[in-house]
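Here the structure is laid out as structure tokens; the discussion comes afterwards.
Order of appearance sets the numbers: ligands from 1, and atoms from 1 within every ligand.
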Amino acid sequence: MKTIYSIFFFFILISGSLSAENGSKLWLRYQPATTIESSLVQFSSVVCLEKGNLLRSATNELKMAYSEMTGKEMPVSVVPQSNSLLLGTLQNKYIRSLNIGKELAQLGSEGFVIRRVKLNADSCTVIASAGEQGVLYGVFHLLRMLQTNSCSFNVKEHPSYKVRILNHWDNLDGSVERGYAGHSIWKWDELPATISPRYAEYARANASIGINATVLNNVNASPEMLSTENLLKVKAIAAVLRSYNIRAYLSINFSSPKELGGLSTSDPLNADVRKWWKNKAAEVYKLIPDFGGFLVKANSEGLPGPMDYGRTHVDGANMLADALKPFGGIVMWRAFVYEPGDDRVKLAYNEFHKFDGQFRDNVIIQVKNGPVDFQPREPFSPLFGAMKKTALMPELQITQEYLGHSNHLVFLSSMWKEFLDADTHAAGDGTTISKLTTGEVYPQKITAFAGVANIGNDDNWCGHHFAQANWYAFGRLAWNNQLSSEQIADEWIKMTFNRQLTADSGQQEIKMSQQVSRDSCLLAVKKMMLSSHQTAVDYMMPLGLHHIFAWTHHYGPEPWCDIPGARPDWLPKYYHKADSIGLGFDRTTNGSNAVSQYASPLKEQFNDMNQCPDKYLLWFQHVPWNFRMKSGKTLWNELCYTYDKGVQSVREYQKIWDKAEPFVDAQRFAEVQSKLRIQARDAVWWKDACLLYFQTFSKQPIPYDIERPVHDLDSLKAIKLDMKHHN
Ligand code: BDP
């Protein structure tokens with residue numbers, strides 16, 4: 001044991017002094033575990049029982065981890081010995097001899113078990129699956145248990161969703177729509193000749209959290225994406241992703257037959273158009289046999305679609321589905337559609353609900369979590385639960401378009417869990433979004449979970465070190481939507497900030513007291529993460545307010561924004577409806593009647609000012625300034641106190657982070673510290689802007705016991721952001 005401890009310390013010392021920490025390793029840091037008893041070094045050897053691309057990746061990952069943990073090479077053998085770690089699938093005779101075939105078959109090719117088993121007379125540990133994929137995920141699971149010091153040899157896992165997919169909003173020119181972490185990681189100019197080492201790192205990081213699919217390009221897709229030249233580049237990326245069980249998908253432009261193929265139309269019922277798509281699908285699959293399928297944004301925000309030809313979403317989606325079907329591909333057709341006219345929150349439901357049951361079985365409708373657009377908080381989209389004979393998948397936004405870009409620390413897992421746990425009541429009590437989207441309520445042939453990526457070419461991938469936690473949380477929830485945000489935060493912190501010693505603590509052993517204060521600091525960091533979404537809602541858009549952002553960049557507040565001639569539903573006043581009477585959008589039966597799209601008892605609750613939950617109040621109701629809230633305060637006072645609470649919470653986060661300094665490497669500590677300063681300033685900006693502006697309607701004082709505004713309204717109105725500062 002002593003020698004193991006010295007290796008352990010030696011490793012901490014060299015890794016502490018030599019390696020600069022810029023965040024590029026994400027959560028994949030195999031520093032020694034806190035208690036060496038649970039470490040990988042316990043295994044006498046690793047035996048990979050079969051050959052295969054994914055098994056090779058799994059073994060490589062173990063080797064890398066082992067050498068980072070011990071400074072030595074991992075002992076590998078071909079035959080199991082006492083205390084070996086075995087990796088294999090049902091193809092292998094040793095695995096078959098264990099009598100776990102039925103269990104593995106039930107878990108599917110991506111599921112796995114980790115067990116202590118008796119093999120002949122020897123005790124071994126096995127990571128077994130029906131397929132190679134499961135072994136890869138099992139290895140990452142084992143490593144996560146080691147990193148978080150939570151080893152168990154009674155593990156049985158399988159994913160909640162079949163397709164766990166990132167959506168990159170990356171353009172062919174290297175820019176990223178709503179990206180705040182630098183340029184695209186895809187180097188289209190250099191491909192296919194040059195393969196950036198980042199592609200493999202990306203694939204490995206995704207595999208470690210169970211992501212198995214990725215859409216490489218923006219939903220606002222260029223027809224050029226499907227040119228043969230570009231497909232050859234996609235082929236090169238797909239080859240790297242394949243080693244980590246990740247399939248490539250592409251967003252397509254519905255007008256491609258016309259724009260790229262030179263046809264006179266892109267009408268989905270036209271025979272030449274149908275043929276063009278069939279041929280294109282055949283070309284894609286010839287180059288990339290495991291290609292996943294197409295993501296489609298059609299007739300949305302000015303993009304072309306079937307309705308340009310008097311056809312429907314069903315005509316468009318099914319035509320593409322037919323082209324992909326022979327190759328096993330799927331169509332993810334987005335429901336993000338809204339035309340000026342009726343209340344925007346009602347439009348996707350109105351447009352899609354009527355088509356229930358008419359889509360092919362290789363089509364899945366991709367629905368944003370809320371009915372507007374990734375706002376800091378929205379009620380769930382009423383399409384969930386309403387479409388009973390159509391596969392539906394959630395689309396979440398990992399990139400923080402509306403949540404402070406890469407400047408604000410906002411842990412999105414809490415928001416996503418609120419969505420997944422929401423009870424739609426569609427088929428009685430307990431019809432949660434998680435149950436609906438995993439096909440437990442109405443069977444779905446395809447299940448999928450999509451997140452708009454927050455990944456860019458920055459050293460730390462996501463712009464903010466804590467934004468990495470959102471990528472991590474997305475993958476973990478796609479794998480297991482029953483995980484709690486607390487568990488996810490806990491894992492991520494332990495894996496990401498796992499240095500045991502302060503930089504200058506020299507050669508001393510870790511003292512108990514140091515360990516205790518480290519643990520309590522990291523606990524405070526966890527609490528900060530878990531409250532951070534509510535905090536951002538509090539200082540940006542509390543009580544159901546939404547879309548009161550500045551016009552183009554969606555970063556700062558502009559509740560007053562008015563652009564002559566602009567589409568009304570792109571302007572904040574459309575959403576907040578502030579006037580001398582009160583604040584909020586009347587979506588009750590007396591108003592736009594959006595409440596009627598929800599099942600009982602939700603529709604009755606949302607329709608009643610006294611029953612509607614505070615968090616959605618101004619979403620569904622136009623509420624008088626002096627209305628008594630559940631707290632007993634008037635709406636105006638509640639608004640003021642909530643904005644103030646948001647600001648005070650960020651100030652608290654600054655203190656929590658400053659205390660963590662001894663336990664975090666210097667660069668990451670300083671970078672997060674400086675981002676928290678920006679966040680604190682922005683929170684005050686939001687509070688002052690919204691309260692001073694709404695005060696012009698409420699005509700009431702800001703309660704005297706809260707922090708006074710430090711800006712005046714005119715100077716806030718004059719702010720015009722050069723977003724380069726924020727990207
Ligand atoms: C909005 C974004 C816009 C996207 C659009 C979409 O502002 O850039 O293209 O959603 O999801 O949130 O299609």
Side-chain angles (χ1 to χ4, degrees), residues 165-173 175-181 184 215-222 225 249-255 294-305 307 313 316-317 331-340 344-345 347-348 351-352 365-378 381 383 392-406 410 412 415-416 419 448-456 470 474 540-541 546-556 558 561 563 566-567 569-572 574-575 721 723 726-727:
I165 188 164
L166 288 179
N167 287 188
H168 284 266
W169 285 359
D170 295 21
N171 299 311
L172 287 167
D173 66 1
S175 61
V176 181
E177 180 152 344
R178 312 300 178 185
Y180 313 105
S184 171
V215 182
L216 301 179
N217 63 319
N218 193 352
V219 283
N220 297 315
S222 160
M225 191 68 244
Y249 288 66
L250 291 175
S251 295
I252 59 103
N253 183 298
F254 201 78
S255 249
F294 294 148
L295 171 61
V296 194
K297 173 174 178 178
N299 290 119
S300 165
E301 300 188 324
L303 285 188
M307 282 142 99
H313 288 287
V331 175
M332 291 165 295
W333 189 271
R334 293 176 92 226
F336 181 65
V337 296
Y338 60 101
E339 289 301 320
R344 172 169 169 187
V345 310
L347 299 174
E351 192 55 47
F352 277 83
I365 306 299
Q366 181 164 315
V367 186
K368 290 189 182 182
N369 58 290
V372 169
D373 185 12
F374 300 137
Q375 293 304 291
R377 172 173 274 138
E378 299 193 27
S381 160
L383 275 172
L392 250 56
M393 63 188 279
E395 176 179 322
L396 308 172
Q397 197 180 41
I398 313 171
T399 190
Q400 291 168 236
E401 174 181 358
Y402 294 104
L403 278 158
H405 297 186
S406 51
V410 186
L412 298 174
M415 175 167 77
W416 299 333
F419 161 72
F449 197 70
V452 180
N454 62 350
I455 297 162
N470 292 330
F474 169 77
M540 283 183 175
M541 276 167 247
H546 50 289
H547 227 317
I548 55 177
F549 291 96
W551 173 249
T552 48
H553 49 71
H554 297 165
Y555 183 79
E558 263 185 28
C561 173
I563 306 231
R567 258 178 81 158
D569 57 349
W570 283 353
L571 292 171
Y574 174 93
Y575 298 97
L721 280 192
M723 280 319 292
H726 290 273
N727 278 338

List, for ligand 1, each N/O atom that has a protein N/O partner under 3.5 Å away, with both atom names and the distance.
unit_1	atom_1	unit_2	atom_2	d
ligand 1	7 (O)	Arg178	NE	3.1
ligand 1	7 (O)	Arg178	NH2	3.0
ligand 1	7 (O)	Glu401	OE2	2.5
ligand 1	8 (O)	Glu177	OE2	2.3
ligand 1	8 (O)	Arg178	NE	3.0
ligand 1	9 (O)	Glu177	OE2	3.1
ligand 1	9 (O)	Asn220	ND2	2.9
ligand 1	9 (O)	Lys297	NZ	3.1
ligand 1	10 (O)	Lys368	NZ	3.0
ligand 1	11 (O)	Arg334	NH2	2.6
ligand 1	11 (O)	Lys368	NZ	2.7
ligand 1	12 (O)	Asp373	OD1	2.8
ligand 1	12 (O)	Asp373	OD2	2.7
ligand 1	12 (O)	Glu401	OE1	2.9
ligand 1	12 (O)	Glu401	OE2	3.4
ligand 1	13 (O)	Lys297	NZ	2.6
ligand 1	13 (O)	Arg334	NH1	2.9

Beyond-backbone contact of Ile252 with Met225, side-chain heavy atoms, under 4.5 angstrom |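 The answer is no; the side chains never approach within 4.5 Å.
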Can you find a heavy atom in the side chain of Met307 that is under 4.5 Å from one in the side chain of Glu339?
->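 The answer is no, as the side chains (C-beta and beyond) never meet within the 4.5 Å cut-off.
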Tyr338 and Glu301 side chains, donor-acceptor separation under 3.5 Å =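 Yes, Tyr338 and Glu301 have a side-chain donor paired with an acceptor closer than 3.5 Å.
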Plane angle bin for His547 and His554 - parallel if under 30°, tilted between 30 and 60°, otherwise perpendicular | perpendicular
Can you say whether the rings of Phe449 and Phe474 are parallel (under 30°), tilted (30 to 60°) or perpendicular (over 60°)?
->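 Parallel: the ring planes of Phe449 and Phe474 meet at under 30°.
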Applying side-chain contact (heavy atoms from CB on, under 4.5 Å), run through Asn220 and Leu303 and close with a yes or a no.
-> CA-CA 7 Å; Asn220 297 315; Leu303 285 188; 3.4 Å; yes
